[in-house]
A.B. asks: 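Below is the structure I would like to discuss, written out as structure tokens.
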There are 2 protein chains.
Amino acid sequence: MELLSVSLGVYYGDFTIAAASENLTASQGRALTALRRGPAAMRALADTMTCDASNMTGIIDRLEKRGLVRREAGASDRRVKNVILTPEGERVADAIRAKMHTTHDGLDRLGAEDRCALYALLERVFTTAPTPTP
Amino acid sequence: MELLSVSLGVYYGDFTIAAASENLTASQGRALTALRRGPAAMRALADTMTCDASNMTGIIDRLEKRGLVRREAGASDRRVKNVILTPEGERVADAIRAKMHTTHDGLDRLGAEDRCALYALLERVFTTAPTPTP
DNA sequence: TATTGTTATACTCTATAACTATA
DNA sequence: TATAGTTATAGAGTATAACAATA
């Protein structure tokens, strides 16, 4: 119970801070984090982040404008556009993830191993794996 | 750990849903919930919700336009405006709270007593008591 | 001078609806 | 017809800066 009160909000809050440290909003950070697992179609990304497809256009537009992702036409279905992390995007995504793992605020009383497991769990809840479209 | 993964997001998510069921955004719901404990100055509300004071103006404007809160000049300090729930505002705030306590999604495995304690805890974390200004 | 609250401005997120190009 | 993605539009949250009234 104690653990819970300490942890609630910490992940969301820390994530927002971690993303902000790279001059990104939480949504942009989430998209980048989801893309760490590989390319994903716009539609899949929107599903992952449970937002309307039109939102993804804007979010990805801003990330693309900053050179963190790029769009690539789908091979089999030419309607599809797959979003891919650029090397710089990978760097930023990794930086966010690293910051998440070294931010202990409010989780000090957890052992390193538990905290690691905890973050893995939260990360999974936070960004479900998008389904890449071939 | 299980409990945590289940509970994370549930409170925020359920709260957003509960607020939406009253046609309110999460921020509006939070302000209303904070005001359940009594009147609060704009500044105190902004501190509670950790947002800029200028945001509170807009949020309270919208709540006031719908008759859920009203502004009242501070007695001792005439710069201050205290925000107060109207009877309708109280009804809506209570409805949100009631909905939060009857929404079990993802918390089924918790006993009623535990769930009650859990929500009390989360509610405290979610909306710290604002400091009313006399 | 410092503080409270507001206004003006700008950016982002969000959803809905209408559109295109594919399938 | 249905789907993927975009555009246009509108409402809400957010922060910064400038301002009036008060302390």
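Order of the sequence lines sets the chain letters (A, B, ...), proteins ahead of strands, with each chain counted from 1.
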A.B. asks: Quick one, Asp47(A) with Arg43(A), criterion side chain to side chain contact (heavy atoms under 4.5 Å, CB included). Give me CA distance, side-chain angles, the key distance, then yes/no.
C.D. replies: CA-CA 6 Å; Asp47(A) 288 345; Arg43(A) 162 68 43 184; 3.8 Å; yes
A.B. asks: Assess the residue pair Leu68(A) and Leu24(A) against the criterion (side chain to side chain contact (heavy atoms under 4.5 Å, CB included)); give the C-alpha distance rounded to whole Å, side-chain angles, the decisive distance to 0.1 Å, and a yes or no.
C.D. replies: CA-CA 11 Å; Leu68(A) 302 180; Leu24(A) 295 172; 3.9 Å; yes
A.B. asks: Testing the basics here: between Ala41(A) and Val80(A), what is the closest heavy-atom pair and its distance to 0.1 Å?
C.D. replies: CB-CG1, 3.8 Å
A.B. asks: How long is the line joining CE of Met56(A) and C1' of dG5(D), in whole Å?
C.D. replies: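 One finds 12 Å between C1' of dG5(D) and CE of Met56(A), rounded.
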A.B. asks: Which heavy-atom pair separates Ala31(B) from Leu45(B) by the least distance, and what is that distance?
C.D. replies: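 Smallest interatomic distance, heavy atoms only, reads O-CD2, 4.5 Å.
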A.B. asks: Donor-acceptor pair, distance only, cut-off 3.5 Å: does the side chain of Glu64(B) make one with the backbone of Arg71(B)?
C.D. replies: yes
A.B. asks: Can a side chain N or O of Arg79(A) be found less than 4.0 Å away from OP1 or OP2 on dT3(D)?
C.D. replies: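 For dT3(D), neither OP1 nor OP2 has a side-chain N or O of Arg79(A) closer than 4.0 Å.
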A.B. asks: Would you mind reading off the distance between Met42(B) atom CE and dT22(D) atom P, rounded to a whole angstrom?
C.D. replies: 17 Å
A.B. asks: Using the heavy-atom set of chain A and a strict 4.0 Å cut-off, write down the first and last nucleotide of DNA chain C that makes it in, 5' to 3'.
C.D. replies: dT12(C) to dA23(C)
A.B. asks: For each nucleotide in nucleotides 9-14 of chain D, reading 5' to 3', give B when a protein heavy atom comes within less than 4.0 Å of its base, S when such contact involves only the sugar-phosphate, and - otherwise.
C.D. replies: ---SSB
A.B. asks: With side chain to side chain contact (heavy atoms under 4.5 Å, CB included) as the criterion, how do Glu88(B) and Val92(B) come out once you've worked through the C-alpha distance, each side chain's angles and the decisive distance to 0.1 Å?
C.D. replies: CA-CA 6 Å; Glu88(B) 174 67 2; Val92(B) 171; 4.0 Å; yes
A.B. asks: Report yes if some heavy atom in the side chain of Asn23(B) is under 4.5 Å from a heavy atom in the side chain of Arg66(B); otherwise report no.
C.D. replies: yes
A.B. asks: Carefully, step by step, assess Ile60(A) and Lys81(A) under the rule side chain to side chain contact (heavy atoms under 4.5 Å, CB included).
C.D. replies: CA-CA 11 Å; Ile60(A) 295 301; Lys81(A) 282 180 192 167; over 6 Å; no
